[in-house]
Protein chains: 2
Amino acid sequence: MTSIVEDYQIVEVQAIAAKKAAKKISILNTNEKNEALNVVADELVKQLAFILEANEKDLQNGKASGFEKAFMDRLTLNESRIKDFAEGLRVVAELPDPVGDVLSNWTLENGLRVETIRVPLGVIGMIYEARPNVTVDATGLALKSGNAIILKGGSSAIHSNMSIIEVMHKALEKTAIPKEAVQFISSTDRNATKQLFTMKEHIDVLIPRGGGSLIQTVVENATVPVLETGVGNCHLYVDKEADLKKALDIIVNAKTDRPAVCNAAETLIIHQEFLAKYKLELAQTLAANGILIHGDEMACKELPGVIPATEKDWAEEYLSLEIAVKIVNSLDEAIEHIDRYGTKHSEAIITENQHTARKFMQLTDAAALYHNASTRFTDGGALGFGAEIGISTQKLHARGPMGLPALTTVKYMMSGNGQIR
Amino acid sequence: MTSIVEDYQIVEVQAIAAKKAAKKISILNTNEKNEALNVVADELVKQLAFILEANEKDLQNGKASGFEKAFMDRLTLNESRIKDFAEGLRVVAELPDPVGDVLSNWTLENGLRVETIRVPLGVIGMIYEARPNVTVDATGLALKSGNAIILKGGSSAIHSNMSIIEVMHKALEKTAIPKEAVQFISSTDRNATKQLFTMKEHIDVLIPRGGGSLIQTVVENATVPVLETGVGNCHLYVDKEADLKKALDIIVNAKTDRPAVCNAAETLIIHQEFLAKYKLELAQTLAANGILIHGDEMACKELPGVIPATEKDWAEEYLSLEIAVKIVNSLDEAIEHIDRYGTKHSEAIITENQHTARKFMQLTDAAALYHNASTRFTDGGALGFGAEIGISTQKLHARGPMGLPALTTVKYMMSGNGQIR
């Protein structure tokens with residue numbers, strides 16, 4: 001007799017197992033968790049060949065499907081990348097454990113003692129695309145913060161991910177963390193994924209990581225709370241009182257350092273007085289760095305080689321060496337444009353006027369505001385968090401780069417001797 | 001020519017106006033906001049008669065519709081209740097302003113200065129039922145924390161609410177807060193309300209306050225982030241090592257002090273060793289306080305006058321002098337029951353064993369855990385917050401009673417002199 005089990009039933013069984021494991025890991029001490037992460041790190045390095053063999057299958061399938069170069073690059077593992085995964089886990093093991101932190105405590109007049117304590121969220125559902133590194137990174141952060149995790153990676157990386165999971169499970173068997181705390185959805189059926197969206201009983205938060213359409217699908221369909229991450233239509237506003245060198249340095253860095261990441265600049269807003277003074281230098285610098293300009297009417301008139309921008313350009317996350325350029329007459333006009341098209345990720349002003357800078361930073365609604373610096377710093381690593389699970393573009397719970405504390409919540413713990421109201 | 005405007009269009013116009021006003025109020029200083037709240041308080045007292053007249057219409061309509069007594073009571077205003085509203089605003093004016101608080105700051109090696117600063121959420125959408133006091137309370141908390149608010153009250157209180165809004169708007173005209181920061185949806189068409197659910201561009205968070213079905217409707221249909229409040233299926237677990245007096249005092253208080261509120265107890269879980277010792281005292285106390293028992297098989301056998309509990313009773317928020325009683329053999333069984341039926345609000349253990357208490361508080365997943373105290377303390381007022389916008393039963397953003405900081409988010413503010421990566 002063969003039993004016929006639908007994918008969505010398997011997903012539910014996995015979610016229930018994760019919830020149960022979450023309770024066990026929630027009360028482990030820091031050493032037990034750190035030790036487990038180091039054991040997993042060791043095992044990943046030991047099983048290098050096994051993982052690379054699996055990755056080869058994904059790469060062959062990817063080639064056969066004609067995936068583009070950048071995609072194939074993200075999918076590709078090698079010895080050094082896997083060693084980096086392991087090193088990442090060791091770094092997370094070294095980070096302070098947020099669980100158990102007493103955030104505040106006081107005693108009521110009646111003697112009731114109140115403490116607010118950081119506790120794990122419970123079960124984290126991670127939905128992501130091609131990069132197999134997320135499988136390891138997200139697991140490390142979830143386990144360190146005392147959570148179980150359910151991973152749903154992109155189908156193009158299925159063999160790589162399953163081999164990594166197999167290695168991690170084998171390692172966890174030697175540790176205090178139950179291997180059930182790490183669940184991987186191996187079904188590539190979309191209905192299995194959708195099950196995760198509504199499993200409020202078993203899953204505490206969903207974190208989508210990937211392109212805008214993946215994130216939107218999760219936000220619009222999930223009843224499980226979502227931590228929205230990543231889409232960054234970031235603006236640089238070059239004020240009339242901007243310093244030319246700072247402006248050019250920041251434009252080049254924010255656009256070209258890593259064009260494909262979410263903290264790269266996508267739109268340049270220029271005060272027309274700055275443009276009038278420095279259009280030659282600006283045009284030269286953009287051209288020298290191979291940046292293609294989509295501009296508004298005035299940009300087309302004043303700068304060479306500009307493609308007229310359409311409405312779509314203002315909202316576009318190019319993720320390549322293209323930039324939209326808008327010319328404005330005032331700070332207010334710049335802020336209005338950002339309000340309309342920004343994704344509340346990172347926005348920068350370049351100006352020598354402190355008052356203007358302050359007004360921009362107060363009135364612009366985004367996770368990270370910059371004065372005379374590149375938007376590229378919106379990153380857990382760059383800001384010294386050690387590691388990040390993603391960059392939140394929402395306002396609730398966590399905003400901006402999310403380190404370990406973003407994977408926790410609080411409990412009020414009240415101790416009394418019979419207090420009543 | 002008459003223009004035909006659909007309700008949902010009015011709602012959108014209101015939401016856009018709120019968003020614009022939110023920007024203005026976000027940069028007011030604390031004194032300006034406090035002064036405005038006091039002006040509104042004064043005006044509410046001055047316009048007592050006007051508000052009571054409007055309330056009379058709602059009461060007459062309510063009577064004609066045959067609303068039950070408790071509902072009519074919540075709807076009824078009088079001189080002293082309106083003075084309480086005003087006093088509530090004055091209390092909020094005295095509370096510390098969370099906006100502008102620097103939560104952390106550090107400087108990167110390259111000299112980039114990083115600050116995380118508390119800022120208002122923006123626009124808060126409040127969806128609530130009969131009580132007109134929410135109209136004033138929520139407005140006071142939203143404005144003090146620098147937010148605009150869109151209010152959608154229950155249709156049974158429409159005249160009371162509209163008169164209160166008229167008075168508050170008139171008062172705000174004399175202050176630094178634009179009256180557009182307070183929007184009231186006067187349409188009683190459900191489609192107008194539903195518009196609020198998806199206005200992500202204009203509304204930053206929805207807070208439903210009221211019964212479970214209202215909250216579920218919002219949670220399931222909104223794409224705007226929701227702060228889930230209020231439903232409390234709270235349990236008292238009386239351990240085998242519980243002190244009799246503490247147990248009885250807490251049971252009576254948690255069940256009868258205010259049965260209709262969310263932090264009242266709904267289920268009593270009793271260790272069978274405690275039951276065996278103290279069943280007489282327990283039965284007498286419950287009977288003397290007029291508490292109706294729905295019990296499991298053993299409770300029916302051991303206690304007099306028990307109605308057999310059905311599956312529904314374990315999940316029921318009675319909000320009256322009824323309680324479900326379950327007998328267990330162990331702490332683990334108690335925790336399992338709470339995991340299955342609890343709403344993650346407030347859960348209490350009564351025991352003299354510190355180890356058992358600690359295990360209960362660690363392993364039970366809820367916003368507030370009590371050892372030897374009544375669940376009735378889960379309340380912003382009782383805990384010393386001054387005022388609360390609701391009690392969060394979710395884990396993200398804010399958990400438990402929510403004071404002013406729950407209506408804020410953070411911004412990363414980076415100041416540099418040309419730093420690039």
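In the text below, chain A, chain B and the rest are named by the order of the sequence lines, each starting its count at 1.
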Asker: For the interface with chain B, which of A/Val219, A/Leu121, A/Asp249 has the highest count of heavy-atom pairs at distances below 4.5 Å?
Answerer: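 Top count of heavy-atom pairs under 4.5 Å with chain B: A/Leu121.
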Asker: Quick check on A/Val410 against chain B: is it the side chain, the backbone, both or neither that has a heavy atom closer than 4.5 Å?
Answerer: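 Both parts, backbone and side chain.
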Asker: Can you say whether B/Leu407 sits under 4.5 Å from chain A via the side chain, the backbone, both, or neither, judging by heavy atoms?
Answerer: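 No part of B/Leu407 comes within 4.5 Å of chain A.
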Asker: For A/Ile251, is it the side chain, the backbone, both or neither that has a heavy atom under 4.5 Å from a heavy atom of chain B?
Answerer: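 Neither; nothing under 4.5 Å.
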Asker: Would you mind checking which part of B/Leu108 comes under 4.5 Å of any heavy atom in chain A, side chain (CB onward), backbone (N, CA, C, O), both or neither?
Answerer: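 B/Leu108 touches chain A through side-chain heavy atoms alone.
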Asker: Minimum heavy-atom separation for B/Ile250 to A/Gln419, with atom names?
Answerer: CG1-O, 4.3 Å
Asker: Which answer fits A/Ile27, side chain, backbone, both or neither, if we ask what part of it has an atom under 4.5 Å from a heavy atom of chain B?
Answerer: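 Contact with chain B involves the side chain of A/Ile27 alone.
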Asker: Taking A/Lys245, A/Glu220, A/Gln394, A/Gln362 one by one, which has the highest count of heavy-atom pairs under 4.5 Å against chain B?
Answerer: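 Highest number of pairs under 4.5 Å: A/Gln362.
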Asker: Could you check which of B/Ser374, B/Gly122, B/Ala398, B/Ala406 has the highest count of heavy-atom pairs closer than 4.5 Å to chain A?
Answerer: B/Ser374
Asker: Quick check: does any side chain N or O of B/Arg376 sit under 3.5 Å from a backbone N or O of A/Arg421, one acting as donor and the other as acceptor?
Answerer: no
Asker: Ignoring hydrogens and geometry, is there a side-chain-to-backbone donor-acceptor pair from A/Trp106 to B/Gly384 under 3.5 Å?
Answerer: no
Asker: Looking at A/Met414, A/Glu352, A/His371, which has the largest count of heavy-atom pairs under 4.5 Å with chain B?
Answerer: A/Met414
Asker: Quick check on A/Ala382 against chain B: is it the side chain, the backbone, both or neither that has a heavy atom closer than 4.5 Å?
Answerer: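 It is both, since atoms from each part get that close.
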Asker: Examine whether an atom of A/Ile349 lies under 4.5 Å from a heavy atom of chain B, and if so say whether it belongs to the side chain, the backbone or both; otherwise answer neither.
Answerer: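 Contact with chain B: none, neither part.
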Asker: How close do A/Ser415 and B/Met361 get, counting heavy atoms only, and between which atoms?
Answerer: OG-CE, 4.3 Å
Asker: Go through the atoms of B/Ile350 and report whether side chain, backbone, both or neither lie under 4.5 Å from a heavy atom of chain A.
Answerer: neither
Asker: Check each atom of A/Val119 against the heavy atoms of chain B and say whether the ones under 4.5 Å are side chain, backbone, both or neither.
Answerer: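 Side chain of A/Val119 only, per the 4.5 Å heavy-atom cut-off to chain B.
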Asker: Please report the shortest heavy-atom distance between B/Leu112 and A/Tyr370, naming the atom on each side.
Answerer: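 Of all heavy-atom pairs spanning B/Leu112 and A/Tyr370, the closest is CD2-CE2, 4.4 Å.
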Asker: State plainly whether the residues A/Lys19 and B/Asp339 are in salt-bridge range, i.e. N to O under 4.0 Å.
Answerer: no
Asker: Heavy-atom pairs under 4.5 Å with chain B: which of A/Arg113, A/Met413, A/Arg340 has the most?
Answerer: A/Met413
Asker: Non-hydrogen atoms of chain A under 4.5 Å away: do they reach the side chain of B/Asp379, the backbone, both or neither?
Answerer: side chain
Asker: Does the pair B/Asp204/A/Lys395 count as a salt bridge with the N-to-O cut at 4.0 Å?
Answerer: yes
Asker: Name the region of A/Thr364, side chain, backbone, both or neither, that has any atom closer than 4.5 Å to a heavy atom of chain B.
Answerer: backbone
Asker: Looking at every non-hydrogen atom in both residues, tell me the closest pair between A/Thr409 and B/Arg399 and how far apart they are.
Answerer: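 Closest heavy-atom pair between A/Thr409 and B/Arg399: OG1-CD, 3.4 Å.
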Asker: Carefully, step by step, assess B/Lys200 and A/Glu228 under the rule salt bridge (charged side-chain N to carboxylate O under 4.0 Å, His left out).
Answerer: CA-CA 13 Å; B/Lys200 284 195 76 170; A/Glu228 202 172 336; 3.3 Å; yes
Asker: Which bit of A/Asn110 is near chain B, if near means a heavy-atom gap under 4.5 Å: side chain, backbone, both or neither?
Answerer: side chain
Asker: Do B/Leu383 and A/Tyr412 come close enough that some side-chain heavy atom pair is under 4.5 Å?
Answerer: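 The answer is yes, as the side chains (C-beta and beyond) meet within the 4.5 Å cut-off.
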Asker: So, taking the atom named CD1 in B/Ile420 and the one named NZ in A/Lys246, what distance separates them when rounded to the nearest 0.5 Å?
Answerer: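 Going from CD1 on B/Ile420 over to NZ on A/Lys246, the span is 13.0 Å.
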Asker: Check for a donor-acceptor pair, side chain of B/His397 on one end and backbone N or O of A/His397 on the other, with a separation under 3.5 Å.
Answerer: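 Indeed, once roles are kept as given, a pair shorter than 3.5 Å links the two residues.
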Asker: Evaluate side-chain contact (heavy atoms from CB on, under 4.5 Å) for B/Leu396 paired with A/Val205, printing each intermediate quantity in order.
Answerer: CA-CA 8 Å; B/Leu396 296 194; A/Val205 63; 3.8 Å; yes
Asker: Using heavy-atom distances under 4.5 Å, tell me whether B/Thr351 contacts chain A through its side chain, its backbone, both, or neither.
Answerer: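 For B/Thr351, there is no contact with chain A at all, as no heavy atom is under 4.5 Å.
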Asker: With chain B, which of A/Thr116, A/Leu363, A/Val252 has the greatest number of heavy-atom pairs at distances under 4.5 Å?
Answerer: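 When all of A/Thr116, A/Leu363, A/Val252 are compared, A/Leu363 has the most.
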Asker: Relative to chain B, which segment of A/Ala368 carries a heavy atom at a distance below 4.5 Å: side chain, backbone, both, or neither?
Answerer: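 It is both, since atoms from each part get that close.
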